[in-house]
Amino acid sequence: MRLVVQNDKTGPWWGVWWRAARRAGRRMPLRAGLAALLLTAVASGCAPSDPEPGAHSAKKPLQAPPARALDSYAAKVRALTAARTAAARRWGLRRVPLAAPPPPRHKPRIRPRPGFEVDGQDERHLPPVFTTVPTKDKVVFLTIDDGAEKDPAFLRMMSDLRIPYTAFLSDYLIRNDYGYFRRMQAAGVTLDNHTLHHPNLRELSYEEQRDEICGMQRVLRREFGRSARLFRPPYGTYNGDTLRAAASCGIRYAPLWNEEVFVDHWDYREGDRGLHPGDIVLTHFRGRSEWNGTMPDVIRRFLDKVTAEGYAVARLEDYL
């Protein structure tokens, strides 16, 4: 057995403890909770089995793991928490961002949002267009479009705070600095498809749309080593040809968004003007040349709101 800490997420046994504590409505004492779960893991899978089928063996009393192992793990958790708290203070956040729960053991089924389907959606197995991921987890997903602004402070901020996000990139905006997005990818960010030139796809023929989407797939493979599973149509506009072209280029999902955050305000798709579990939030790679603020300013507004309302930021790909 191993204890793993990575990006504020841990293995399945930690997820069991986290969910149990949440259901109980209180925080389980760390040392007691870890000890109990480690004993359960030993009993269920890590203990040696009988030497022969049907052979009798006396059951040995379970042994608690060494206290130093629990102390070491607790020290790592405390260090991560302290680092996150210090980063929140350093970047001027009102509250420390909440850690996302472990990724779901079973991925939710993604269906098109009602009214966002196209003819032949199911028969052709076309990528679903959706704005919210079906989940009861109190999480939202941050997505950032196009790639115009390349602010090094933004990369430092997201790395310091350990905030996951998904980037939808257009080649005409990123080609002058692929290295910036390689650094982003090296930090664990998934780089996805937003077409070569950011056109209104509904104004193009099927072949023109396919050139835009498949062409961006080739750029992603050439520059970043992998093509995308996710595609966002520019301006959120698409038709049946768009989704057929996307599917032919290897796209599986076409997420849009339920909220959009700017430096100075939020926009909402829903009439209640609020966040919901599983909502996808959009912003853009923009800076002072186009907005009255920087990318860290946008992220600060985003995090202050979602944290105040009790939401964590989760990684979209973990739910797809």
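Just the heavy atoms: all of them, side chains too, but no hydrogens, waters or symmetry mates, feed the values below. As the structure is a computational prediction, the values presented were derived from the model and not from experiment.
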Taken to the nearest 0.5 Å, the spacing of Leu196 CG from Ile174 CD1 works out to 9.5 Å

So CD1 of Ile213 and CZ of Phe231: to nearest 0.5 Å the spacing works out to 4.0 Å

Distance col, row Leu142:CG vs Leu316:CG, nearest 0.5 angstrom, shows 10.0 Å

Has Thr307 got a side-chain atom pairing as donor or acceptor with Asp304's backbone, closer than 3.5 angstrom? no

Evaluate the ring planes of Tyr172 and His198, with Trp represented by its six-membered ring, and classify them as parallel (under 30°), tilted (30 to 60°) or perpendicular (over 60°). tilted

For Tyr206 and Ala245 the tightest heavy-atom approach is CE1-N, 3.5 Å

Note to self: Under 3.5 Å, is there a donor on one side chain and an acceptor on the other for Arg286 and Thr294?
What the structure shows: no

ask   = Any donor-acceptor pair under 3.5 Å linking the side chain of Arg301 with the backbone of Val261?
value = no

Find out whether the Lys NZ or Arg CZ of Lys138 is both under 6.0 angstrom from the six-membered ring centre of Tyr311 and within 45° of the ring's axis. yes

Fill in: Pair Asp279-Thr132, side-chain donor/acceptor within less than 3.5 Å
yes

*Where the side chain of Gln185 meets the backbone of Arg183, is there a donor-acceptor pair that is under 3.5 Å apart?*
no

Here the ring pair (Phe, Tyr, Trp, His ring centres under 6.0 Å) pairs for residues 108-131, sequence neighbours left out, are none

Interatomic distance, CZ@Phe168 vs CG@Leu256, rounded to 0.5 Å, equals 9.0 Å

So disulfide bond (SG atoms under 2.5 Å apart) across residues 153-249, not counting sequence neighbours, yields Cys214-Cys249

> Is Arg300 positioned over the aromatic face of Trp91, cation under 6.0 angstrom from the ring centre and no more than 45 degrees off axis?
Replying inline: no

Across all chains, not counting sequence neighbours, the side-chain contact (heavy atoms from CB on, under 4.5 Å) partners of Arg273 are Tyr268

Worksheet entry | Short N-O contact, Arg182 and Glu223, less than 4.0 angstrom | yes

So, Arg229 and Asp192, do they make that salt bridge, N to O below 4.0 Å? no

